[in-house]
Amino acid sequence: MSVLGLGYLGATQAIVLAEQGHTVLGIDPDPKRVALLQEGHLPFFEPGLKDLLEAARANGRLSFSTEYDERLSSIDVHLLCVGTPAGSADGEVDLSAVFSAGLSLGAFLKENSVVVGRSTVPVGTAEKFKRVLSDASQGITFSLAWNPEFLSEGTALADSLKPDRIVVGAEDDRAVSILRTLYEDQIASGVPFLVMDIATSELVKVASNSFLAMKISYINGVAEVAEKSGASTAKIAEAMGLDPRIGKRFIQNGLGFGGGCLPKDLLGFTRTAEKLQATGLTKLLSAAVEINAQRISAVIEIAKEKMGDLEGRNISVLGIAFKPNTDDSRESAGRYLAMEFSRLGANVSVHDPIASKFSAQDIGVEITSDLGSALASAELVVVATEWPEYAKLYLDSSSSFPERFVIDGRSVIESSAWIDAGWSVIKLGEGQKLYPSQRRY
Ligand code: UGA
């Protein structure tokens, strides 16, 4: 089979399929990415994946190329995994890679092959993609299916091997039966296999991601109220989460959601709802976008309130990855905070244990992997990612600053250790004041 697009989704997909015994040709126009994969390196950090890549390369089942060429004409199943990033207009999705892959693949499409879209797309995209593919293949018969991917960064491998569900949008039984065979191990282990029409399958993905984003924004909205009422969001979420109808996951308050998926899909789905005049949903989703942005401004406001003018002040942001176990800093809280503090004239340093090695340093701020110096040089520390190393830190109590503040944006630090070392602690979502002697319940 072929995997078209070797970003996060495509590279993981190609490696996992090769591991499962398929012969896979991965294609991506980016020569750097392809060269890295050919040499056995991942273009991103993902736990556990590098070992599988090495194994797949060793058994010869996996090859990579920058070219759509004759090799494709002997392949029966093509998986479209290209990126669908945010477009230029607000909420618009850039689908150029989808259509360009369709054009390139069409020229080599084999009779009766199956093309499976895995990329996240706005509803109606598959229909347009099919037209592009039909025109480019000039009358070749093929089956199209859409099979959205639900893997999360940091747990991509486990999510691919044992997803919560397999969703298949199809127009004919042939595509369904090929996908049933492809996923036979997962289906045998009890993973639900849901078949539906293509438009419905496109919507399942964006509706799911938007719901997750809304859950996070809901608890962050509650956090605003808790902060002002002297209440604890952590305790509210703990109690709410015990209701199985609500569930414990995705109600962790803090700096909100980032990454390449939730922000883009929420905006994209808002745009779709707006275009289709689903006004209620548009409002609901727009509020989730607004609350997410508000969490960043809240931190800036707290910093100004505690420290006054931020010009020339020394601020360290801990964590630029949008969540732990990834080097991805797209739309991350750490990135937005560092840029905003820097715009306000502060001396900003950013620490990240992994993203410092990988991320493009395009935020105009130096990223360091030296946590000690990031702490020693700061009069304000903002914890923006819940990396486990931030939970327990060695804190030096000697300091040249008259006052030092830490804002915990992810409920990760051990407050008492910071307080003992002379820091004032502010935990987002916690209205209760933290003093060393205060009894906590
Ligand atoms: C998300 C979805 O969770 C996946 O199901 C989906 O397949 C994927 O997008 C995709 O579309 O490809 P991912 O982007 O890897 O996965 O990240 P999440 O684990 O969803 O986390 C997103 C953000 O929400 C992170 O910044 C995280 O810190 C934040 N978050 C998460 C919270 O602020 N609170 C929570 O309770 C949970």
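Start at 1 and go down the list; that is how both ligands and their atoms are numbered. Quick caveat: nothing in here was measured; it's all calculated off a predicted structure.
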At what distance, to the nearest 0.5 angstrom, does CD of E46 lie from CG of N325?
8.0 Å
Specify the protein heavy atom at minimum distance from atom 3 (O) of ligand 1: its residue, its atom name, and the distance to 0.1 Å.
S152 OG, 3.4 Å
Less than 3.5 Å apart, any donor N or O on the side chain of W418 or D408 sitting next to an acceptor on the other?
no
Backbone, side chain, both or neither: what part of R410 comes under 4.0 angstrom of ligand 1, heavy atoms only?
side chain
Taking only non-hydrogen atoms of G259, do any sit less than 4.0 angstrom from ligand 1?
no
E227 bridged to K427 by N-O distance under 4.0 Å:
no
Electrostatic pair E149-R118, nearest N-O below 4.0 angstrom
yes
Judging by distance only, is a nitrogen or oxygen of F150 under 3.5 angstrom from one on ligand 1?
yes
For ligand 1, indicate whether the residue L212 contacts it via side chain, backbone, both or neither (heavy-atom separation under 4.0 Å).
side chain
With heavy atoms under 4.0 Å as the rule, classify the contact between E149 and ligand 1 as side chain, backbone, both or neither.
backbone
Identify whether the distance between the nearest side-chain nitrogen and carboxylate oxygen of E92 and K275 falls below 4.0 Å.
yes
Quiz question: by atom type and distance under 3.5 Å, do the side chains of R335 and S329 form a donor-acceptor pair?
yes
Please determine whether any non-hydrogen atom of K205 lies less than 4.0 Å from an atom of ligand 1.
yes
Looking at K130 and E171, is any side-chain nitrogen of the basic one under 4.0 Å from a carboxylate oxygen of the acidic one?
yes
Shortest protein heavy-atom distance from atom 13 (P) of ligand 1, along with the residue and atom involved
K323 NZ, 3.8 Å
Against heavy atoms of E153, which atoms of ligand 1 measure under 4.0 Å?
15 (O)
Between D243 and R245, does any side-chain N to carboxylate O distance fall below 4.0 Å?
yes
Under 4.0 Å from a heavy atom of G258: give me the atoms of ligand 1 that qualify, with their elements.
22 (C), 23 (C), 25 (C), 26 (O)
Go through ligand 1 atom by atom and flag the ones less than 4.0 Å from a non-hydrogen atom of F257.
23 (C), 24 (O), 26 (O), 29 (C)
For atom 28 (O) of ligand 1, the closest protein heavy atom turns out to be F322 O, 3.4 Å
Looking at Y390, is R410 sitting on its ring face, NZ or CZ under 6.0 Å from the six-membered ring centre and within 45 degrees of the normal?
no
Backbone or side-chain N or O of R249 under 3.5 Å from ligand 1 N or O:
no
Answer yes or no: is there an ion pair linking K323 with E331, defined by an N-O contact shorter than 4.0 Å?
no
For ligand 1, which atoms have a heavy atom of I251 less than 4.0 angstrom away?
36 (O)
Under 4.0 Å from ligand 1, counting heavy atoms only, is it the side chain of L151, its backbone, both or neither?
backbone
Salt bridge check: are R180 and E184 linked by an N-O gap of less than 4.0 Å?
no
Verify the distance criterion only: is there a donor paired with an acceptor across the side chains of N314 and N347 at less than 3.5 Å?
yes
Tell me: protein heavy atom nearest atom 30 (N) of ligand 1, and distance?
I216 CD1, 3.4 Å
Provide, to 0.1 Å, the distance between atom 12 (O) of ligand 1 and the closest protein heavy atom, together with that atom's residue and name.
C261 SG, 3.1 Å
Polar atom proximity, E386 to ligand 1 (N or O, under 3.5 Å):
no
When you measure from atom 37 (C) of ligand 1 to every protein heavy atom, which one gives the shortest distance, and what is it?
F250 CD2, 3.6 Å
Drop me the distance from M214's CE to I291's CD1, to the nearest 0.5 angstrom.
10.5 Å
Please determine if D172 and R174 form a salt bridge, counting it only when a charged side-chain N lies under 4.0 Å from a carboxylate O.
no
Ligand 1 to G256, heavy atom cutoff 4.0 Å, flagged ligand atoms 26 (O), 29 (C), 33 (O)
Give me the residue, atom name and distance of the protein heavy atom closest to atom 36 (O) of ligand 1.
Q252 N, 2.8 Å
Atom 1 (C) of ligand 1: closest protein heavy atom, distance to 0.1 Å, is L262 CD1, 3.5 Å
Could you tell me whether ligand 1 has any atom less than 4.0 Å away from a heavy atom of G254?
no
